[in-house]
Amino acid sequence: MKNNREVRVRFAPSPTGYLHIGSARTAFFNWLYAKKTGGKFILRIEDTDIARHQEDAINQILESLKWLGLEWDEGPGLETEGKFGPYRQSQRADIYKEFAQKLVHDKKAYLCFCSPEELEKERKIKLEEGKPFKYDRKCLKLSPDEIRYSLREGKSYAIRFLVPENEKIEFKDTVYGDIKVSSESIDDFIILRSNGLPTYNFSATIDDALMEITHIIRGEDHLSNTPKQILIYKALGFNIPFFTHLPMILGQDGQKLSKRHGSISIEKYIEEGFLREAILNYLALLGWAYDEKTTIFSIDEMIEKFELDSINKKPAKFDYDKLLWINGYYIRNLSDENLAELLKDKMKKYLESQKPSNLEESARELDQKIIKITPLVKERIKTLNEGIGLINPFFVKISYSNESINYFKNKNIDAPDILKRVYKALDELEEQKGERTEKFCAENIEKRLRQISEELNLNFRKVAEVIRIAIWNSPVSPPLFGTIEILGKKLTLKRIEDYLRIISQ
RNA sequence: GGCCUGUUCGUCUAGGGGUUAGGACAGUAGGUUUUCAACCUACCAACAGGAGUUCGAAUCUCCUACAGGCUACCA
């Protein structure tokens, strides 16, 4: 049919909201297939529904796609959009009108003067009777005179596609196999609304044909629409592309992914500190597997190994925990330099959101400090935001929580005594004592602190616990010795003093 | 209601007439450890149900149940 043609795939979102997980996967699979085959990935905006379409959503979608690295070869937002443009359906109204009129002229479509209200009423009645609703073709029976009269009256009309009778529509879906549908089960659907704009099935088909899309890869919710579109392809004499429908992505409750399910927009995941490689890796695993073992794929590996016909049919529930795990894996495998860079950007934003009076002096040394901090937290975080949460006391003043203040109340630990000893031990470091100055570094700090636990004949974890609460306002911190070193002598001692003062009150 | 589609551990999946039904996440137990992680070890846990075909079915066929989609002048 079109074996030697260049592969052309497309992602065609409608801008009714932000790019969500499900659409992102559809975009990604299209992109993967284009990369794999050396084809073109086209972006088209389906904004024919004026009521629901939001202008800023388009930008959001474009931004999210770019962030994911799913760059398109043709479409909006590019310096030269491409030779099949415009790529926004709202700018292609004339094209659809023209084809609709051609179909009317060829008697493959007809004018319908029925009002949406009447139709709605009839539909309701049929539904209550438990009978299938199908348009009764009232307007097909109109005589040319009647039509002329209505037009002269200025009556508004839609254009309906005339579905051929007794026709078997068959197509092969890469994922779902052979699909056969009888034309009897298809209503004479509207292709052009009375406002002159096309409906989805019509505009999508016209554009896919005109833009010479060879492979349509989209969500399973369009599987049932495909027969209608094939009818249009045939009526207009267009080449029929290959179809691949992707199983739906559902929320953890098994329902279609929606706002109720918490963060579902890509934007949210960017904010939370997920990495694009991790998101794409996870998305690839929803409905597809390469073999029985591999779960981690680099993007190049995915391009190499991805196959449309090994996508499975079952809808997949979105598993946030697994995404988290994958993200943690990618973070751990980042180089210190790259991770530091990412953490720095996040931290910068975080610090900007804080009151200046809440910042420690060290906030000004973010750039130098972050590279030292990074190896300490790399294995401990699953998202960048977790990282920020773990390390922000390096830069932001701590105010002791009640929990911290009362932490040792009913425990058999003499916290003040320990802290006084710690203070003294640390204070001695870096003190000028002729030649024998001991550096304030993790190694020496460890030596000193372990000495204290020996002196007191106390398990070291107890000592560490006390120090953590005092300098970090939390029983959890990055590894203690490195943390103290990076915090610096001055700040460490100050926090110990502060804590001692507060608990002695 | 009609049409289309799907159903393997809690979740993502591998397998596609003969397997101890494999892996990963989560969970549990242990090890390591200055906390939290990470890491290591072990464990837990599935072929929706029923008929049929067959020497043999999770795998093929049919039925049922459940789930999802479409049935809009939404996409």
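Order of the sequence lines fixes the chain letters, A, B, ..., with proteins taken first and strands second; residue numbering starts at 1 for each chain.
Listed here is the closest heavy atom pair of E170(A) and I230(A): O-CD1, 4.5 Å. Across every non-hydrogen atom of I159(A) and A109(A), the tightest pair is CG2-CB, 3.8 Å. Nearest heavy-atom pair, S477(A) versus L480(A), reported as atom, atom and distance to 0.1 Å: OG-CD1, 4.3 Å. The minimum heavy-atom distance between L458(A) and V463(A), with the atom names listed, is CD2-CG2, 4.1 Å. A pairwise comparison of heavy atoms in P478(A) and T483(A) identifies O-OG1, 3.2 Å as the closest pair. Heavy atoms only, all atoms of each residue included: E307(A) and S310(A) are closest at O-OG, 3.1 Å.
Taking the P atoms as reference points, U59(B) lies 42 Å from A75(B), given to the whole Å. Look at the P atom in both U35(B) and G49(B): the space between them is 47 Å, to the nearest Å. Annotation: U19(B) and G1(B) have their C1' atoms spaced 45 Å apart (nearest Å). Nucleotides C47(B) and U20(B) have their C1' atoms positioned 15 Å apart, rounded to a whole Å. Spacing between A72(B) and G15(B) at atom C1', rounded to whole Å, works out to 42 Å. Comparing the C1' positions of G6(B) and C43(B) gives an interatomic distance of 33 Å, to the nearest angstrom. Straight-line distance between the C1' atoms of G22(B) and A46(B): roughly 12 Å, to the nearest whole Å.
Salt-bridge annotation for D291(A) and K305(A): absent, with no side-chain N of the basic residue lying under 4.0 Å from a carboxylate O of the acidic one.
Distance check: R218(A) CZ to N225(A) CG gives 7.0 Å after rounding to the nearest 0.5 Å.
A donor and an acceptor atom, one from each side chain of Y96(A) and D207(A), are located under 3.5 Å apart. Side chain to side chain, D188(A) and Y110(A) meet the donor-acceptor criterion of an N or O pair below 3.5 Å. Under the 3.5 Å distance criterion, with hydrogens and angles disregarded, no donor-acceptor pair is assigned to the side chains of Q252(A) and Y320(A). In summary, the side chains of N459(A) and K462(A) do not present any donor paired with an acceptor at a separation below 3.5 Å, with no hydrogens or angles considered. When only modelled atom types and interatomic distance are considered, D47(A) and S90(A) share a side-chain donor-acceptor pair under 3.5 Å. Between the side chains of T383(A) and N327(A), no donor-acceptor pair of N or O atoms lies under 3.5 Å. No donor-acceptor contact under 3.5 angstrom links the side chains of H215(A) and T174(A), judged on distance only.
The base of A24(B) sits within donor-acceptor range of the side chain of K322(A), with an N or O pair under 3.5 Å.
Each of D321(A) and Y157(A) was matched to the nucleotide of RNA chain B holding its nearest heavy atom; the match closer to the 5' end belongs to D321(A). The residue among F481(A) and A12(A) whose nearest nucleotide of RNA chain B lies closer to the 5′ end is F481(A).
Sorted by first then second residue, the salt bridge (charged side-chain N to carboxylate O under 4.0 Å, His left out) pairs that include residues 226-235 of chain A, not counting sequence neighbours, are E167(A)-K234(A).
Ring geometry for F460(A) versus F481(A): interplanar angle of 30 to 60°, hence tilted. Ring geometry for F297(A) versus W288(A): interplanar angle of 30 to 60°, hence tilted.
C55(B) is paired with G18(B) under the Watson-Crick or G-U wobble criterion, all donor-acceptor distances under 3.5 Å. The base-pairing partner of A29(B), taking Watson-Crick or G-U wobble contacts with both distances under 3.5 Å, is U41(B). Searching all strands for a Watson-Crick or G-U wobble partner of C70(B) with both distances below 3.5 Å returns G2(B). Within the shown strands, U64(B) is the pairing partner of A48(B) under the Watson-Crick or G-U definition, both distances less than 3.5 Å.
Within 4.0 Å (heavy atoms only), P479(A) reaches at least one base atom of the nucleic acid. Across all strands shown, L286(A) has heavy atoms under 4.0 Å from sugar-phosphate atoms exclusively, and none from any base. Across all strands shown, G287(A) has heavy atoms under 4.0 Å from sugar-phosphate atoms exclusively, and none from any base. Contacts of I190(A) with the nucleic acid, taken as non-hydrogen atoms under 4.0 Å apart, include base atoms. Backbone-only contact: T199(A) has heavy atoms under 4.0 Å from sugar-phosphate atoms and none from a base.
The side chain of T295(A) lies closest to A24(B) when the candidates are A24(B), A14(B), C73(B).
Between the P atom of A37(B) and the CZ atom of R468(A) lies a distance of 12 Å, rounded to the nearest Å. Residue N473(A) contributes atom CG, which lies 19 Å from atom P of U35(B) at whole-angstrom precision.
The side chain of R332(A) contributes no N or O atom lying less than 4.0 Å from OP1 or OP2 of A37(B). Between N459(A) and U34(B), a side-chain N or O to OP1/OP2 separation shorter than 4.0 Å is absent. In terms of phosphate contacts, Q255(A) brings a side-chain nitrogen or oxygen within less than 4.0 Å of OP1 or OP2 of G68(B). Taking 4.0 angstrom as the limit, R461(A) places a side-chain polar atom (N or O) nearer than this to OP1 or OP2 of U35(B). OP1 or OP2 of A38(B) sits under 4.0 Å from a side-chain N or O of K382(A).
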For nucleotides 62-65 of chain B, print each protein N/O atom paired with a nucleotide N/O atom at under 3.5 Å, atom names and distance only.
none

Under-3.5 Å N/O pairs linking protein and nucleotides 69-71 of chain B:
from: G69(B); atom 1: O2'; to: D221(A); atom 2: O; distance (Å): 3.1
from: G69(B); atom 1: N2; to: S224(A); atom 2: OG; distance (Å): 3.2

Table of protein N/O atoms under 3.5 Å from nucleotides 41-44 of chain B N/O atoms:
none

Protein-nucleotides 6-10 of chain B N/O pairs under 3.5 Å:
from: U8(B); atom 1: OP1; to: K314(A); atom 2: NZ; distance (Å): 3.4
from: U8(B); atom 1: OP2; to: K314(A); atom 2: NZ; distance (Å): 2.9

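Listed by residue number, R450(A) are the residues of residues 449-457 of chain A with a heavy-atom contact under 4.0 Å to RNA chain B.
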- Message: Run S401(A) and S404(A) through side chain to side chain donor-acceptor pair (under 3.5 Å) and show every step you take.
- Response: CA-CA 5 Å; S401(A) 63; S404(A) 293; 3.1 Å; yes
